[in-house]
Enquirer: 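Attaching a single structure in structure tokens format; questions to follow.
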Amino acid sequence: MAKKPIGPVRRAFAPWEDPSAIPFIEFRNVTKRFGDFVAVDNLSLSIYEREFHALLGGSGCGKTTMMRMLAGFETPTEGQIFLDGQDLAGIPPYRRPVNMMFQSYALFPHMTVEANIAFGLKQDGMPAAEISSRVQEMLRLVKLEQFAKRKPHQLSGGQRQRVALARSLAKRPKVLLLDEPMAALDKKLREETQLELMTLQEDLRMTFLIVTHDQEEAMTVADRISVMDRGHIRQVATPGEIYEMPNSRFVAEFIGDINLFHGKVTQKQSEDAQLYCDLTDSTINIQGAGDVRVGDEVTFAIRPEKVRISLDKPAESNANVIQAEVWDIAYMGDVSIYHIKLAEDEFIRSVVANTTRLVERPITWDDKIWLSWDRDAGVILTN
Amino acid sequence: MEHRKPSWFNITSLVLGFSFLYLPIVILVIYSFNASRLVTVWGGFSTKWYVSLLSNEQMLDAAWVTLRIGVTSATLATVLGTIAAMVLARQGRFFGRTLFSGMIYAPLVMPEVILGLSLLLLFVSLDQARGFWTIMIAHTTFAMCYVAVVVQSRLAGFDRSLEEAAMDLGCPPVKTFFTITLPQILPGVAAGWMLAFTLSLDDLVIASFTTGPGATTLPMKIYSQVRLGVTPEINAICTILVAIVTVGVITASLISKRQQVQRERDERMAIANQY
Amino acid sequence: MDREVSSQSYSKNRLGRWALIMVPYAWLLLFFLAPFVIVFKISLSEVVVAIPPYKPVIDWAQGLAGFVEAAQQWSLDNYIWLTEDAIYLNAYLSSLQIAFIATVITLLVGYPIAYGMARAPKAWQPTLLMLIILPFWTSFLIRVYAWIGILKNEGLLNQFLMMLGIIDDPLVILNTNAAVYIGIVYSYLPFMVLPLYSSLEKMDSSLIEAAEDLGCPPMQAFWKVTIPLSLPGIIAGCFLVFIPAVGEFVIPDLLGGSETLMIGKTLWVEFFSNRDWPVASAVAVVLLLILVIPIVLFQRQQEKQKEAQ
């Protein structure tokens, strides 16, 4: 199958699809153990120049350890890390051309905003005039010119976050590492900052590596996401691919909401397959099933927003259509989630955008309704 | 335990408790201004004991020796104790760590007579002439443990990512300690110095064991006089010592209180300015 | 996330790391640990009339042979001596007893104070805390000395009591064990109050409200909720008073009388008056052995506390 770009295409930037592209950052079979605990398990990952890459996972998945190994705060137990062709082994953190923005911001409390931003430049022995012009440039970049003389505790949380960003960008590092950079901000500020960060990365044409547990954040900012779990990378792909074509049950369930059904492949013809689910006694037609064979036990996954519901039987013949009953409705404001009973203990969720006012909505509890979804709306997970 | 109002029982126990703690010292201070030689009979207000103290050369000598020992041992103990605290807080596991932390904590509860005796026997077997330097070393040894504990508690509350941030920005470890860590733990280091200094100023037992000819400290002098009986002159010198320490501690706590208030005000302003 | 486990990170520079560790380590080895070895060694030697007043047990000049020869001369005579003369055994026992009783009294005096502090308005608490710590900064010797003037026969306490007409003849307090108890309680009170206060202050007042809400009368709530929850503070405070009180010298010397037997004083007398260094060393070794038990228990307790947090 020809690989179609999935999801919104921000720009034609996809060096990972080019087999001749040289990785900018490369983790090669890296393992990190803390005593008996394996934080990172024989893991390889390539990140390309000017990429905005996100390491996404729950706590303890090893994402922070990966970043700290790149920064030099941890030494890999096994394996190598390359940056721009150079093996980083043995290079202490203070000699690495990467800079990090810390989760706690780690602003030096006894120094002014200016002095904080200038700190890294001074370590390089940059001439004073140059330092001051670079500091001004950074302050402009994060819109904090009038706060130059303030101490960190005289700033709000959002301002501190921008100082931390300016400080880590001031040295123009080869890679900017962002450790949960927005964890301490409230939701609204976080969304604004995510957009600012994306713009900044595009303008500066730098490589960014972000560590986050927030899937929405990763989806918003990153070119590619590595979904991590217990020291392993489960999938590396663009946000669109991760969402629409998860390669495993773990990834499918980790990102967003998803309906899962167990079934057996009963027919297979080129890319089309038919699945029989015995729990619901229904047949599902799938387009783009990948390499499954007749008789395989598989999981079928479909996102709730791809499941349509209607009172009348839909006319399209190409879709999967099942009759069922509304069990429960969760009203979320912008959308409503319909819990639809397919069989005893078998439910499917359907998300419907509330395009009309509540009173005018025709479907309600216990209604017999028709479910339908396109043949290419779901995905088959083999493992 | 907020919300609840203190009961009469609570207030009474606080009043009685603090009276018990402070009354003896207050009485001592009052009687240092007693004109009568008899310590227990009030003979009118007088500062003559302070005047006679100023002409008591032995006392002044002892005070001078004590001060010199205090300053040198407190300074040395602060340096060693701060390094020890850094080792305990930052170096993780190393060979002999248990022994090391044991040696840091043991002197805090070890009877002074044992510390004094053992150090004396060390100096004797090293054939070391005893005096100023031996007392200084003895005081440094036990005071550094107190400093290490005080500084370590300060380091425990210190955001380690500050050090990592400095290194990440290109600052080597030793420089990081002086530019980032030290300014942050300075209040703890200062408190450690003050503690080491007062411990040295206060010590009778260890100094008595490790002293030699010509090195009589103030507590030793006070002790030998006290054994002969209570005198207003001793009351006067005690009052001076208490006054110095009280002024020192209160000043230090007022300064830190003011800084904290200023800081809180700044933080409120920062939040207010946001909108 | 993984930060706790990553203690020994980026220390590439092993030499610098060891140099840093070795500075305080060497100091403590030389001036803390080595002296104990010497004390132990001397406790095995014989007393002689000389300077220093003991027979060196090891002649380092003879090397290993000298050591072996000396080791054959080591004797437990000093320790046997300690068991033969009842004064030592009595001094150890009475030290433990005095320290124990004084610790209990300090707890009884300290608990209401700590409880009152924890109940006081939040705004007062730092001041109260400083008032508790302040005496710790002032000279120990002076604070003990201050009690002499109060407790002696014609002292202020007796004057005061006689003025009130409570007593007709002065009470004999100074130079008795009662004065020693007062001295220990007074000197070590801050060590008791501080851990008690910090465990009481952390306590959530809604716990007591919950107990009362469930039908527990206040007094019972105190016994069943407050006391058990402040137990770590009680234990820490008691150890902090008991351990140093056992070896106390200044208090029994200045406030106690001839009947007051405490091992710190015995050691002092043995050393300064009798000039019997080997026996003084043996007294110190045994005292240390006695104190090792509570010290180890205390450190265990502290570590458990740290882990619980």
Side-chain angles (χ1 to χ4, degrees), chain B residues 1-4 6 9-11 13-14 17-18 20-21 24-25 27-28 31 39-40 80 83-84 86-87 91-94 96 100 103 105-107 109 111-114 117-119 121-122 124-125 137 141 144 173 198 201-202 204-205 219 222-223 226 230 234 238 241-242 245-246 249 253, chain C residues 7-8 17 20-21 23-25 27-28 31-36 38-39 42 52 112-113 115-116 118-120 122 130-131 134-135 137-143 145-150 154-156 159 189 200-201 203 205 243-244 247 249-250 254 264 267-268 271 280 284 287-288 295 299:
Chain B
M1 268 203 161
E2 55 260 71
H3 311 310
R4 298 199 142 210
F9 175 74
N10 295 145
I11 293 168
S13 44
L14 281 181
F18 284 105
F20 176 60
L21 275 180
I25 298 173
I27 290 171
L28 187 116
Y31 275 84
V39 219
T40 47
L80 288 169
I83 298 175
M86 284 296 289
V87 167
Q91 291 298 329
R93 268 171 255 153
F94 57 88
F100 186 69
M103 288 195 297
Y105 287 107
V109 285
E112 291 167 313
V113 278
I114 297 185
L117 176 72
S118 62
L119 274 161
L121 295 181
L122 172 82
V124 170
S125 51
I137 287 172
T141 307
M144 72 175 270
T198 26
L201 219 61
D202 193 18
L204 162 71
V205 176
I222 294 173
Y223 174 73
V226 166
V230 177
I234 297 290
C238 291
L241 284 177
V242 168
V245 171
T246 310
V249 172
S253 71
Chain C
S7 38
Q8 39 98 284
R17 174 177 137 96
L20 185 72
I21 294 172
V23 173
Y25 210 145
W27 182 282
L28 286 171
F31 294 115
F32 184 73
L33 199 63
F36 283 110
I38 294 169
V39 169
I42 289 172
I113 299 176
Y115 193 64
R119 282 283 192 90
K122 270 272 175 280
M130 205 190 76
L131 282 174
L134 191 62
W137 290 86
T138 61
S139 169
F140 183 71
L141 182 63
I142 291 173
R143 283 182 293 141
Y145 159 75
W147 280 97
I148 299 179
I150 298 172
E154 64 278 22
L156 292 167
Q159 282 183 25
L189 194 59
L200 284 169
E201 185 254 351
M203 216 166 80
S205 70
I243 298 170
F249 163 73
V250 176
L254 290 182
L267 192 152
W268 180 283
F271 185 84
L287 175 56
L288 204 59
I295 289 175
Q299 286 207 331

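Quick caveat, the model's predicted, so the values are computed rather than measured.
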Enquirer: Are side-chain heavy atoms of C:Phe32 and B:Pro107 found at a separation under 4.5 Å?
Expert: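 Yes, side chains in contact.
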
Enquirer: Please step through side-chain contact (heavy atoms from CB on, under 4.5 Å) for the pair B:Tyr105 and C:Ile295, ending with a clear verdict.
Expert: CA-CA 10 Å; B:Tyr105 287 107; C:Ile295 289 175; over 6 Å; no

Enquirer: If you measure from CG on B:Leu121 to CD1 on C:Ile42, what distance do you get to the nearest 0.5 Å?
Expert: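 Here the rounded value is 4.0 Å.
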
Enquirer: On the 0 to 90° scale, with breaks at 30° and 60°, tag the B:Phe100-C:Tyr25 ring pair as parallel, tilted or perpendicular.
Expert: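 It falls in the tilted class, 30° to 60°.
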
Enquirer: For B:Tyr223, is it the side chain, the backbone, both or neither that has a heavy atom under 4.5 Å from a heavy atom of chain C?
Expert: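 For B:Tyr223, heavy atoms of backbone and side chain both lie under 4.5 Å from chain C.
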
Enquirer: For the atom pair CG (B:Leu21) and CG (C:Leu189), what is the distance rounded to the nearest 0.5 Å?
Expert: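 Here the interatomic distance stands at 5.0 Å.
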
Enquirer: Can you tell me how far CG of B:Asp202 sits from CD1 of C:Ile142, rounded to the nearest 0.5 angstrom?
Expert: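 CG of B:Asp202 is found 7.5 Å from CD1 of C:Ile142.
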
Enquirer: At what distance, to the nearest 0.5 angstrom, does CD1 of B:Ile137 lie from CH2 of C:Trp27?
Expert: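 If I round to the nearest 0.5 Å, the distance is 5.0 Å.
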
Enquirer: In Å and rounded to the nearest 0.5 Å, what is the CG to CG distance from C:Leu267 to B:Leu117?
Expert: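 The CG atom of B:Leu117 is 5.5 Å from CG of C:Leu267, to the nearest 0.5 Å.
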
Enquirer: With a 4.5 Å cut-off on side-chain heavy atoms, are B:Phe94 and C:Ile21 touching?
Expert: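 Contact flag for C:Ile21/B:Phe94 side chains = yes.
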
Enquirer: For chain C, find which of B:Ile25, B:Val205, B:Leu14 contributes the most heavy-atom pairs closer than 4.5 angstrom.
Expert: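 Most heavy-atom pairs within the cutoff with chain C belong to B:Leu14.
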
Enquirer: Just give me the residue among B:Thr198, B:Val113, B:Leu80 that pairs up with chain C most often, heavy atom to heavy atom, under 4.5 Å.
Expert: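 Among the listed options, the one with the most contacts to chain C is B:Leu80.
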
Enquirer: As an exercise: rank C:Ile150, C:Leu20, C:Ile148 by heavy-atom pairs under 4.5 Å with chain B and give me the winner.
Expert: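 Option with the top pair count is C:Leu20.
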
Enquirer: What option among B:Ile11, B:Leu119, B:Val242, B:Thr141 has the most heavy-atom pairs under 4.5 Å with chain C?
Expert: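 If we count pairs closer than 4.5 Å to chain C, B:Thr141 comes out on top.
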
Enquirer: Side chain, backbone, both or neither: which part of B:Met103 has a heavy atom under 4.5 Å from chain C?
Expert: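 Contact with chain C is through both the backbone and side chain of B:Met103.
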
